[in-house]
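Both backbone and side-chain heavy atoms feed into the values below; hydrogens, waters and symmetry mates do not.
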Amino acid sequence: MICCQQGRYPGHAPLGYVNGRSEYGLPWIYPDIQKAFWVAEIFKKFAEGNSLKQLVVWCHKAGLTSVNDKPLYAKAIIRILQNPFYKGKFRHNGKLYTHYYERLVEKDVWEKCQIRLKHYRKNKG
């Protein structure tokens with residue numbers, strides 16, 4: 001897809017972002033001013049050692065909900081933590097592309113989270 005090669009995501013924005021239009025009228029994705037900070041905090045807290053259970057409690061206390069306004073539970077948090085969109089990449093039809101939208105998470109924090117997630121899966125299985 002040409003839009004993917006141009007760094008434009010061809011779908012609905014993930015939690016922490018909103019779909020909109022660029023100054024040129026093209027579809028664009030912007031940080032959600034109400035949720036972007038909280039999503040970035042999920043990554044930061046998980047990278048610092050908070051458990052998924054702690055993050056669920058924290059999200060509920062903070063009032064952070066999914067794009068469908070449902071409470072976030074461990075599975076949803078794992079999906080957020082695994083989504084490369086937050087570090088500047090996206091998957092489409094099995095390929096990984098770089099996007100040009102604002103990142104919510106630095107690459108090193110995202111990678112720390114991936115290491116911790118592998119540890120979680122290893123200990124659960």
Side-chain angles (χ1 to χ4, degrees):
M1 264 186 132
I2 290 176
C3 66
C4 294
Q5 294 166 349
Q6 294 173 342
R8 289 186 287 127
Y9 184 62
H12 193 277
L15 182 65
Y17 290 94
V18 293
N19 290 77
R21 294 265 174 202
S22 73
E23 60 189 84
Y24 305 107
L26 296 171
W28 202 253
I29 296 177
Y30 298 95
D32 181 332
I33 59 171
Q34 295 178 336
K35 295 186 177 184
F37 168 80
W38 301 106
V39 171
E41 282 293 302
I42 288 173
F43 281 90
K44 182 180 172 190
K45 288 179 174 297
F46 191 69
E48 291 172 349
N50 283 255
S51 71
L52 289 172
K53 286 181 184 179
Q54 289 172 316
L55 287 175
V56 167
V57 170
W58 179 82
C59 287
H60 290 193
K61 284 183 181 177
L64 182 61
T65 58
S66 72
V67 293
N68 298 322
D69 287 327
K70 294 183 180 179
L72 293 178
Y73 291 99
K75 285 184 180 183
I77 292 171
I78 289 170
R79 281 194 304 276
I80 290 167
L81 292 168
Q82 291 175 329
N83 189 342
F85 194 94
Y86 297 105
K87 70 162 183 161
K89 307 257 183 205
F90 67 91
R91 283 191 184 86
H92 185 70
N93 290 337
K95 292 184 179 180
L96 192 63
Y97 298 92
T98 299
H99 68 66
Y100 300 105
Y101 311 117
E102 186 176 330
R103 289 186 312 234
L104 297 187
V105 179
E106 292 302 317
K107 184 180 174 185
D108 62 325
V109 173
W110 193 84
E111 288 174 356
K112 283 180 187 176
C113 290
Q114 303 320 295
I115 291 167
R116 289 211 57 223
L117 284 170
K118 284 181 186 174
H119 175 73
Y120 260 80
R121 283 188 292 253
K122 193 185 291 185
N123 288 337
K124 279 208 160 200

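Using a 4.5 Å cut-off on side-chain heavy atoms (C-beta onward), Trp110 and Arg103 make no contact. In this structure the side chain of His92 reaches within 4.5 angstrom of the side chain of Pro10, judged on heavy atoms. Val109 has its side chain out of reach of Lys87: every pair of non-hydrogen atoms, C-beta onward, lies at least 4.5 Å apart. Under the 4.5 Å side-chain criterion, counting only non-hydrogen atoms from C-beta, Ile42 is in contact with Trp58. Under the 4.5 Å side-chain criterion, counting only non-hydrogen atoms from C-beta, Arg8 is not in contact with Tyr100. Taking the side chain as every heavy atom from C-beta outward, Pro71 and Cys59 never approach each other to under 4.5 Å. Proximity of Leu81 to Leu52: side-chain heavy atoms (C-beta onward) are separated by under 4.5 Å at one or more points. With a 4.5 Å cut-off on side-chain heavy atoms, Ile80 and Leu72 count as touching.
Surrounding CD of Gln34 are at most 12 heavy atoms belonging to other residues, nucleotides or ligands under 6.0 Å away. Applying the 6.0 Å contact sphere to NZ of Lys45 captures more than 12 heavy atoms from other residues, nucleotides or ligands. Dense packing is recorded around CG of Leu96, with more than 12 heavy atoms of other residues, nucleotides or ligands lying under 6.0 Å away.
Remark: Lys75 NZ to Arg79 CZ distance equals 8.0 Å, nearest 0.5 Å. Interatomic distance, Trp28 CH2 to His99 NE2, rounded to the nearest 0.5 Å: 9.5 Å. Here the CD1 atom belonging to Ile33 is positioned 12.5 Å from the NZ atom belonging to Lys35, to the nearest 0.5 angstrom. Expressed to the nearest 0.5 Å, how far SG of Cys4 lies from CZ of Arg91 amounts to 13.0 Å. Atom CD of residue Glu41 and atom CG of residue Asn50 lie 10.0 Å apart, to the nearest 0.5 angstrom. Separation of atoms CG (Leu55) and NE2 (His60) is listed at 10.5 Å; rounding is to 0.5 Å.
Looking only at distances, no side-chain donor or acceptor of Lys53 sits under 3.5 Å from a matching main-chain atom of Ala74. Asn19 places a side-chain N or O within 3.5 Å of a backbone atom of Gly11 that can act as its donor or acceptor partner. Judged by distance alone, with hydrogens and angles left aside, the side-chain atoms of Tyr101 form no donor-acceptor pair with the main-chain N or O of Pro31 at under 3.5 Å. In this structure a side-chain-to-backbone donor-acceptor pair under 3.5 Å is present from Asn83 to Phe85.
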(request) Kindly indicate, with the supporting measurements, whether the criterion side chain to side chain contact (heavy atoms under 4.5 Å, CB included) is fulfilled by His119 and Ile115. (result) CA-CA 6 Å; His119 175 73; Ile115 291 167; 6.0 Å; no
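For Gln54 against Gly49, the heavy-atom pair with the smallest separation is OE1-O, 4.2 Å. The two residues Gly16 and Leu104 make their nearest non-hydrogen contact at O-CD1, 3.9 Å. Here the closest non-hydrogen pair linking Leu64 and Val39 is CD2-N, 4.4 Å. Ala47 and Lys112 get closest at one heavy-atom pair: CB-CB, 4.0 Å.
Side-chain N/O atoms of Lys89 and Thr98 include a donor and acceptor closer than 3.5 Å.
For Phe43 and Tyr86, the ring centers sit closer than 6.0 Å to each other. Centroid-to-centroid, the aromatic rings of His12 and Tyr17 stay 6.0 Å apart or farther.
With hydrophobic clusters built from ILVMFWY side chains whose heavy atoms lie under 4.5 angstrom apart, Phe37 shares a cluster with Ile29.
Tyr97 and Phe90 have parallel rings, their planes meeting at less than 30° on a 0 to 90° scale where 60° marks the start of perpendicular.
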